[in-house]
2 protein chains.
Amino acid sequence: MLTKEVITNIEEKPKDHPNREWIELDWDELNKRIIRKTTDKGTDVAISLEEKAPLKVGDVVFEDEEKQIVIRTKKEKVYVVYPENIVQMGKAAFELGNRHTPCLISESEIVVRYDETLERLFDEVGVRYEKTERRFTEPFKYRGHQH
Amino acid sequence: MLTKEVITNIEEKPKDHPNREWIELDWDELNKRIIRKTTDKGTDVAISLEEKAPLKVGDVVFEDEEKQIVIRTKKEKVYVVYPENIVQMGKAAFELGNRHTPCLISESEIVVRYDETLERLFDEVGVRYEKTERRFTEPFKYRGHQH
Ligand SMILES: [Zn+2]
Ligand SMILES: [Zn+2]
């Protein structure tokens with residue numbers, strides 16, 4: 001089936017559906033406009049978005065009485081970094097930027113994909129972190145850089 | 001004259017001297033081990049540091065009864081960035097890192113060298129900043145990056 005728009009979002013407006021199917025995306029794929037995937041129940045879906053907004057976890061791309069097709073990201077190995085203060089936040093974020101490492105920054109944490117070589121960096125900054133699994137819920141807007 | 005060490009620091013231990021001469025360095029030069037400069041009063045100085053610690057503003061590299069020679073940085077055009085919260089700090093620092101822009105991060109501000117192209121970046125992050133002049137007081141430890 002072909003779908004061109006996001007109908008609603010079940011994270012923002014929770015609502016049950018008797019037959020929910022999931023499309024699991026890589027984090028990067030949230031930024032794509034055109035996606036071909038098979039749901040966890042075997043339905044082939046072609047998404048070709050007309051709106052510019054990136055996909056988010058919970059976006060419903062198809063819905064009728066028989067089925068609802070919803071976007072989510074794959075569970076990934078990540079580091080969750082817990083800055084103790086604003087200086088640690090600044091230094092950790094600067095170092096991640098300096099390595100062009102996509103990350104999600106929020107008030108209490110920074111989430112980055114698992115990459116063993118980051119541990120040295122966290123240790124140098126002196127920031128606490130843990131290795132765990134997460135689904136990234138929003139796209140990372142990567143901005144290029146020049147030298 | 002040749003000097004191989006830092007004797008004291010007048011910012012850390014304020015003390016007057018009847019004849020103080022200044023060596024003005026670029027920010028980058030604080031990290032150098034070997035420096036040849038002329039003071040503001042015309043004394044030629046060769047610095048060849050044996051210790052690994054970088055130079056700081058206020059470091060006294062020579063002192064006798066007749067003169068005292070002190071390091072400071074040149075006044076430079078800078079942006080002072082004022083993050084309103086920890087998320088703004090993280091996002092601004094990430095973007096500066098992503099551009100490999102040396103900066104000094106403290107609890108209340110980020111200081112970077114003036115560079116008009118940064119204004120767009122600050123605006124995108126939504127962080128308040130002002131253009132002003134500062135002497136950088138400590139060296140920026142730059143860490144390389146790989147792609
Ligand atoms: Zn590069
Ligand atoms: Zn780079």
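Side-chain atoms are counted along with the backbone in the values below, which use heavy atoms only and exclude waters and symmetry mates. Below, chain A is the first sequence line, B the second, and so on; all start at residue 1.
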Please find the pair of heavy atoms, one from B:Ala93 and one from A:Gly90, that lie closest to each other, and give the distance.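 Looks like CB-O, 3.1 Å.
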
[X] atom [atom1], over 12 foreign heavy atoms within 6.0 Å:
X	atom1	answer
A:Glu130	CD	yes
A:Lys32	NZ	no
B:Lys77	NZ	no
A:Lys4	NZ	no

So A:His100 and B:His100, do their side chains get closer than 4.5 Å, heavy atoms only?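 The answer is yes; the side chains approach within 4.5 Å.
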
Verify the cluster assignment for A:Val70 and A:Leu55: are they in a single hydrophobic cluster under the rule of side-chain heavy atoms below 4.5 Å apart?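 Not linked; separate clusters.
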
[atom1]/[X] to [atom2]/[Y] distance, rounded to the nearest 0.5 angstrom?
X	Y	atom1	atom2	answer
A:Glu107	B:Met89	CD	CE	14.0 Å
A:Phe94	B:Thr101	CZ	OG1	7.0 Å
B:Glu84	A:Ile86	CD	CD1	10.5 Å

